[in-house]
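Let me begin by presenting the structure, written as C-alpha cells, before commenting on it.
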There are 2 protein chains.
Amino acid sequence: MKGIRRLAQELEISIGTVSRALNGKPDVNEQTRQRVLEAAAAMGYVPNQAGRALRKGSTGVVGFMMQSGSQITGQGDVFFMSVFDGVQMVCARHQLDLVVLLCSSEEDPDAYLQRVVARGFADALIISATKRHDHRIEFLARRKIPFIALGRSLTDVGHPWLDLDFEGMAQTGVDRLVARGHSRIGVFAPNDDTNLGYVFIDSYRDALHRHGIAFDPDLIFRTYPNDRGGHEMGERIAAMPAGRRPTGFILTNEMLTVGLYRGLHDCGIRPGADFAVIGRHSTHAQYLNPKLTCFYLSLRDLGIQLAESLLATMPAYAEQYPLGVVRKVLPLELIEGDSDGPAPR
Amino acid sequence: MKGIRRLAQELEISIGTVSRALNGKPDVNEQTRQRVLEAAAAMGYVPNQAGRALRKGSTGVVGFMMQSGSQITGQGDVFFMSVFDGVQMVCARHQLDLVVLLCSSEEDPDAYLQRVVARGFADALIISATKRHDHRIEFLARRKIPFIALGRSLTDVGHPWLDLDFEGMAQTGVDRLVARGHSRIGVFAPNDDTNLGYVFIDSYRDALHRHGIAFDPDLIFRTYPNDRGGHEMGERIAAMPAGRRPTGFILTNEMLTVGLYRGLHDCGIRPGADFAVIGRHSTHAQYLNPKLTCFYLSLRDLGIQLAESLLATMPAYAEQYPLGVVRKVLPLELIEGDSDGPAPR
DNA sequence: GCTTGCTCCGTAAACGTTTACGAAATTAGG
DNA sequence: CCTAATTTCGTAAACGTTTACGGAGCAAGC
C-alpha cells in the first residue's frame, strides 16, 4: 500500500477525503483536514506527480526553454540564473515548480519544443532567444498553450512578450555619443536570425538620421554575441584605418561588452581615452577599468515580470494577475562611467 | 478520442499492439510496426508523459539539481551551461531528457530535493555544490534513487561522485610557486560548508609542509566565491603590510580568478610582475592581461562523464556503461601563462 | 490428424490521483 | 415531528499508458 491509499488507511478514512483535504476543497471537516495535513507531513507524503498530472491534465510546472551552449545565446549563466531566480519566486507563491528545459546545441529548437509539449512536461512555457521569424510562437499559439516570449518577434499572433528596450538603448547611446562629438559610431549585430539585432539596428539608423549623420554599413559588426566575439571586434576595430574606424561603440550584450573592452585594451586602444564605449551592465562589467558607462536592468525583476505576465495568461491564475496580454518593452537605466570619455580627435 | 486510442482506431488495430510497436517489443509483426511508426509520425503522436510515467514508474528524465543565485554557487560564466551540454549529449543517446531543477535561493536544498523526489520528477539525479556533510546524499541513497554527486563529501554512502582534482591543483600550484622563490602563498577558502574548500586547503598545507614552509592561517582568504569576492580579496591583499602580504596566490574558481585579477590591478598590483597568480581557466580568463597561468578542464567532458557515470548506476543502462560505481577525481591541465611571473623581491 | 510450438494480436488490469455523484448524518425551519 | 437544507464523506469512474495473459491462426513434426 502506497501513496494516498496508505495515508487513508492510516487515518481510517477514504482516499477521496484525503485528496480533498489536501487540495483545500471546501467539503471536508476542518478537523479532519488538520488530521490529514499532519499525517501527510509526518509521513512525508507528497502526491505523485504522474498520477496527478494524468488525472488533472495539468502538471503544476512551468518550463523555461533555453538553448544550451553560450556560444549561441550569448548569455552566460549569470544572466539566466538571475532571471530564473525571479521567475521562481513568483512560481513558488502558487506551488508551481520551475524546470529549465535545455535544448541541446545539436537539436532543432522547434523539434525540441514539440517534444516537450507533446510529452506534457509543463503547463506553461517561457521561451527565450526568439528568432525574427519563430515557429515556436505559432506552434504554441495553435496548441493554445500558455506561454510568453522573452524577446519580440515578427511572428506575431497577439501573444504576450517581454523585451528589453533596444530602441531606447540605441537612441540614448547615439544621442550621448553624438553630443560628445562622435559621428562614426559602431554597433554590433548578431550573425543569426535573433530578432533583437534588427530592432536595435533600425533604431540606431533612425537615431543617426535624426542627427543628420549618414549611415555607414561598415560600422555594423557582425559576429557571435559572446566575449570571444567581442574580443575579435576589438581587434577588427584596431585594424581599421584611422579614417574609417569608429570612434565609439554601443553594445547591449553583457558578454560582448567585456570582450570588446579586453580586445581594445589588448590592441592598445584605451576605452574612455582613445575610444568611447557604452555597454551593458554585468557583474563582470563592474570591475572594468575605466569604469564602464552602461545600461542596467535588474534581471531578477525581469524574471518576476516574466512569470507574472505568464500567469496572467493562465486561466487558473488570471484573476490574481489582471495584466491582460502583456507585450512590454522594459527600459534600462544608464549608469554613468568613464568609458564613453572625451571627444574624438 | 485522443492519444494512443486515436492512433489505434485510425490503424484499426488494438492499442496494445500500437504500444508494443512503438516501444520496440518483439512480439509484433514487422510490417505492422512500420505502419504504426509511420502513422505516429504523421499524426505527430508522442506518448503522454503522465500516463507512461504512472504505468512504468519511471519518467525517462534525468534531473540536474542546482542552486540558483550565482552568489552562492560561485560558478558564473558558462560553467553550468557547458556541463549541461555534455550531460545532454549522453542523455539524448538514450531518449532521456535532461531537466534542470533549480532550487531557489530562498528554499532549503534538502527540502527542495525531497519534494522533487516525492513528486517523481526524474528517474535519476545529478546533484551539485555538495556540502561537507550533505543530507541529500543520505536521502537519495536511502530511497535508492540513482544519482551522482558533482563534488566529494564527507557524507559517504559508497555513492558515485565526480570531482575536480583539488589536491593536484594545490600541489602543482605550490610546487610551481615555491620553485620560483615564493614562500608566502595565499589561497581562497569558501565561507560556507562546501566541501571543496577543505580538500583544497588540506592539500595546500601538505604541499607547504613538504617544502618545509610554515603554514600561516592569515594567508587563507575567506569570502564569497564569485568575482566580487575575488575583487575584494585583491583589495585586502593590497592593504596588507608588505611583510605579511602573500607574494603569490592559487585559485581554483573561475569567477574568483577574474575578480582577483581586477582587484589587484585596481590597487596597482600587477599580476605577473609584482604578484604571482595561478588561477582557473574560463572564457573570460582567456582575455586577461598578462596571460593567466591557469588550470583547465573541458566542462563538456565533465558533463559527459557525469552522465555516463550516472547511467552506469541505473539498472536499465548499466550494461552499456560498465563503469561500476564511479568515484573519480578529474585532473586538470596547467596552461602556462605569464601571470605567475618572476620571483618575489 | 493430433500435438506442439511459434508468431502475432486483443483484452483487461494496473499505475496514483482527482472529482462527479450520491448517500448518510446532522442541523435548521416550520 | 416532518421536511428541507447543509455538511461531510465514501464510491467509483476517469486520465493515457504499459504489460501480463491468453487466444487465434498457422506451420511443423510425428
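Throughout, protein chains are lettered first and strands after them, A, B, ... in sequence-line order, and every chain is numbered starting at 1.
With the end axes of the helix from C:dG1-D:dC30 to C:dG30-D:dC1 each set by five pairs, the angle from one to the other reads 50° at 10° resolution.
At D:dC9, one or more side-chain N or O atoms of A:Thr32 fall inside 4.0 Å of OP1 or OP2 (strictly under the cut-off). Of the side-chain N and O atoms in A:Tyr45, none sit less than 4.0 angstrom from OP1 or OP2 of C:dG16. Using a 4.0 Å cut-off, no side-chain N or O of B:Lys25 falls inside it from OP1 or OP2 of D:dT18. Look at B:Lys2 and you'll find a side-chain N or O under 4.0 angstrom from OP1 or OP2 of D:dG16.
In this structure, A:Val61 and A:Leu98 have side chains that are not in contact, with every pair of non-hydrogen atoms separated by 4.5 Å or more. Taking the side chain as every heavy atom from C-beta outward, B:Ile137 and B:Ile127 approach each other to under 4.5 Å.
Straight-line distance from the CE atom of B:Met1 to the P atom of D:dA14: 13 Å, rounded to whole Å. Straight-line distance from the CZ atom of A:Arg33 to the P atom of D:dT7: 14 Å, rounded to whole Å. The CG-P distance, from B:Leu22 to D:dT19, rounds to 12 Å in whole Å. Summarising the geometry, the separation between CZ on B:Arg52 and P on C:dT17 is reported as 21 Å, rounded to the nearest angstrom. Taking atom CD on A:Gln34 and atom P on D:dT8, their separation rounds to 13 Å, with Å as the unit. Look at CZ on A:Arg119: it is 11 Å from P on D:dT18, rounded to the nearest Å. Following rounding to the nearest Å, A:Glu30 (CD) and D:dT7 (P) show an atom-to-atom distance of 13 Å. Protein atom CG of B:Asn48 is 14 Å distant from nucleotide atom C1' of D:dA14, rounded to whole Å.
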Test log, rule salt bridge (charged side-chain N to carboxylate O under 4.0 Å, His left out), inputs A:Arg93 and A:Glu308: CA-CA 11 Å; A:Arg93 287 208 285 263; A:Glu308 291 182 343; 3.2 Å; yes
Please step through side-chain contact (heavy atoms from CB on, under 4.5 Å) for the pair B:Thr130 and B:Arg136, ending with a clear verdict. CA-CA 9 Å; B:Thr130 46; B:Arg136 298 178 298 173; 4.3 Å; yes
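Within residues 3-14 of chain B, the residues approached by DNA chain D to less than 4.0 Å at the level of any non-hydrogen atom are B:Gly3, B:Ile4, B:Arg5, in residue-number order.
Under 3.5 Å, the side chain of A:Arg55 and the base of C:dT18 form at least one donor-acceptor pair of N or O atoms.
In this structure, A:Glu138 does not pair ionically with A:Arg143, as no charged nitrogen and carboxylate oxygen lie closer than 4.0 Å. With respect to B:Arg327 and B:Asp156, a salt bridge is recorded, a charged nitrogen being found less than 4.0 Å from a carboxylate O. Residues B:Asp97 and A:Arg115 are paired through a salt bridge, judged by an N-O separation under 4.0 Å between the basic side chain and the carboxylate. A:Glu30 has a carboxylate O that lies under 4.0 Å from a charged side-chain N of A:Arg33, or vice versa, which qualifies the two as a salt bridge.
Remark: A:Phe64 CZ to A:Ile148 CD1 distance equals 10.0 Å, nearest 0.5 Å. Atoms CZ and OG1, from B:Phe147 and B:Thr313 in turn, are 8.5 Å apart once rounded to the nearest 0.5 Å.
Minimum heavy-atom separation, B:Gly120 to B:Thr59: O-CG2, 3.3 Å. The two residues A:Thr155 and A:His133 have their closest heavy-atom pair at OG1-CA, 3.3 Å.
Comparing atom distances between the B:Leu54 side chain and each of D:dC9, D:dG16, C:dC9 picks out D:dG16 as nearest. Nearest to the side-chain atoms of A:Thr17 among the listed nucleotides D:dT18, C:dC15, D:dG10 stands D:dG10. With D:dC9, D:dT18, C:dT19 as the choices, the nucleotide that has an atom nearest any side-chain atom of A:Asn23 turns out to be C:dT19. For B:Arg20, counting side-chain heavy atoms from C-beta on, the closest listed nucleotide (D:dT17, C:dG10, D:dC9) is C:dG10.
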All N/O pairs under 3.5 Å across the protein-nucleotides 22-25 of chain D interface:
none

